[in-house]
Structures are given as structure tokens and as C-alpha cells.
Amino acid sequence: MHVHRRLGILILGLTLNSTYAGGAPQQSLPALQALPSLDVSAYMGTWYQVAWYPNRFQRQCVSDTRATYRLLEQGEVEVANQCRNAEGRVESIRGVAQAVGSVVEGQLIPAQLRVSFLPALIRWLPVGWGDYWVLALGPEGRYALVSEPTREYLWVLSRTPSLSDDDDRVVRATLQNQGFDLARLERHRQTAPAAP
């Protein structure tokens, strides 16, 4: 219970920071663009975090971070995040994602979500939601690049615990072309998939 509460506080920091901190995108860079559309059903399932911009709300996660997405009946997406901490224990938290634009015939247009890990009873508040933009998908959906308008946060997600060398090169080139600082990008260790 204590671990779950602590993780929730850290995630709340992300959503509050994503909503209010950072202001407008950097002036010297073009505005970041999400994919024009995303097949919601194809995006569901488990993704492994293979690289990221380290951030304070995930600082306890030393390895095996993964996210599992599940489409709910009312059109929202359940978000189940987990990671392994320095003591080897699994920490987890659940939240919800909602479309920012529209969903037409199973396509999210554009590929922009907002995510909250607040308790359901207070999600109506105008705080506690973070931007989740899918910027690129790899061939056959092998990987996804996820960020938000200010480029402060970045995650490279993969359907497998590691990227191939070819996919890694393409990911880095894509991120560089979109104005991300590759010096901040760190690999995230995946050992065995974290047990629930």
C-alpha cells in the first residue's frame, strides 16, 4: 500500500508538471507534431520502456519498466504501469487515458491522449492530467516514440524488451530530426519482464 501511494504521488508530479510547467514549446524548434492518426486497437497491449529522458517521478524505477494499455467499454484506455525498484520489488499503478481529439472508426485523430493517475473521484479537476503524444511508430508497430508538446519528457517504447540495432538507429535519427537532445536519452534496462 505504501509503495503504491508513493508511486501515485510521483506520477501525480508528472501530470501536474506536464500540464503547467515548461510553458510553450522551445522557440528555436518547430512545433512538435503527433501522428495524424493512430489505430487504437493495434496500440493496445504491453510496451517495454527501452529508452527515455530520465525524470524525477520515475526515479525509483531502475529496470523493467513497462506499460500495458487496455481499451475500456466507454472508450477510455486503462493504463497499467509497473517497474522494478533498486530493491528488486515491483511497483505498479493504474490510471486512465482519454482522447484529446476524436476517435473515428477506431482511429485516434490526432494521436494525442491525456493521462491521469488521480483517483477516479477527482479526475474531473482541471489538474493532474499529462499529455501523451505518439510521435512515430516503427514498422509493424515494433516501437513507439512518445512525448508531449514541450519535449521535456520522452519515452521510447518497444513491443520487445530491446530494439534491434537497425531500429535503434532509425529511432535516434527520427528523434534528432524532431529536435530532441540525444545527449539526454538513456537506455532503460530490461531484464526479465516484471511479474505482476
Side-chain angles (χ1 to χ4, degrees), residues 3-4 7-8 10-19 32-53 55 57-58 60-61 63-84 90-120 123 128-149 153-163 167 171 174-175 188-190 192-196:
V3 169
H4 182 81
L7 186 58
L10 293 172
I11 294 296
L12 175 59
L14 157 70
T15 54
L16 291 174
N17 196 30
S18 294
T19 304
L32 199 60
Q33 299 293 319
L35 288 173
S37 66
L38 179 71
D39 184 329
V40 176
S41 292
Y43 198 75
M44 297 299 97
T46 298
W47 292 91
Y48 298 89
Q49 176 184 295
V50 295
W52 63 325
Y53 277 2
N55 55 68
F57 59 87
Q58 280 182 286
Q60 80 283 8
C61 296
S63 69
D64 301 316
T65 300
R66 69 181 187 184
T68 301
Y69 305 120
R70 182 172 66 93
L71 189 60
L72 303 175
E73 287 183 8
Q74 60 269 38
E76 292 182 325
V77 173
E78 178 188 66
V79 180
N81 288 347
Q82 67 180 53
C83 70
R84 200 174 301 281
V90 172
E91 298 191 16
S92 63
I93 190 168
R94 290 183 185 272
V96 67
Q98 299 175 342
V100 172
S102 57
V103 179
V104 179
E105 297 181 357
Q107 297 290 317
L108 175 63
I109 303 171
Q112 297 176 3
L113 296 160
R114 62 185 200 136
V115 180
S116 176
F117 292 90
L118 292 175
R123 286 186 191 141
W129 290 88
D131 292 312
Y132 181 111
W133 288 15
V134 181
L135 309 179
L137 283 175
E140 301 167 351
R142 290 194 301 267
Y143 60 81
L145 308 182
V146 177
S147 187
E148 42 70 46
Y153 300 99
L154 173 64
W155 295 270
V156 179
L157 307 178
S158 173
R159 289 296 193 182
T160 57
S162 63
L163 293 176
D167 281 347
V171 162
T174 302
L175 291 173
H188 185 72
R189 189 164 61 100
Q190 294 284 345

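These numbers were taken from a predicted model, which means no experiment stands behind them. Computed from heavy atoms alone, side chains included, the values below leave out hydrogens, waters and symmetry copies.
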Residue pairs, two or more places apart or on separate chains, that pass salt bridge (charged side-chain N to carboxylate O under 4.0 Å, His left out) and touch residues 133-146: Glu140-Arg142, Arg142-Asp167
Ignoring hydrogens, what is the shortest heavy-atom contact between Ala34 and Ala111? Give both atom names and the distance. CB-O, 3.6 Å
Got Trp155 and Ser147 here, is their nearest side-chain heavy-atom distance under 4.5 Å? no
All heavy atoms of Thr65 vs all of Cys83, minimum pair found to be OG1-CB, 3.2 Å
Who passes side chain to side chain contact (heavy atoms under 4.5 Å, CB included) against Glu78, sequence neighbours left out? Arg70, Leu72, Arg94
Identify the two heavy atoms, one from Leu32 and one from Glu148, that lie closest to each other, and give their separation to 0.1 Å. CD2-O, 3.3 Å
Aromatic contact between Phe117 and Phe57, with the criterion being ring centroids under 6.0 Å apart: yes or no? no
Can you name the one residue among Val103, Ile109, Leu108, Val104 that meets side-chain contact (heavy atoms from CB on, under 4.5 Å) with Ser37? Ile109
Using 30° and 60° as the class limits, which term best fits the ring planes of Tyr43 and Trp47: parallel, tilted or perpendicular? tilted
Flag side-chain contact, heavy atom, 4.5 Å: Val79 against Ile93: no
Does a sphere of radius 6.0 Å around CD in Glu105 hold more than 12 heavy atoms from other residues, nucleotides or ligands, not counting ones at 6.0 Å or beyond? no
Would you kindly say whether Gln49 and Gln58 are connected by a side-chain donor-acceptor distance under 3.5 Å? yes
For Val77, enumerate each residue passing the side chain to side chain contact (heavy atoms under 4.5 Å, CB included) test, keeping only those at least two apart in sequence or located in another chain. Met44, Tyr69, Leu71, Ala97
For Ser92 versus Gln82, what's the shortest heavy-atom pair and its separation? CB-CB, 3.9 Å
Any Leu175 side-chain heavy atom under 4.5 Å of Val156 side chain: yes
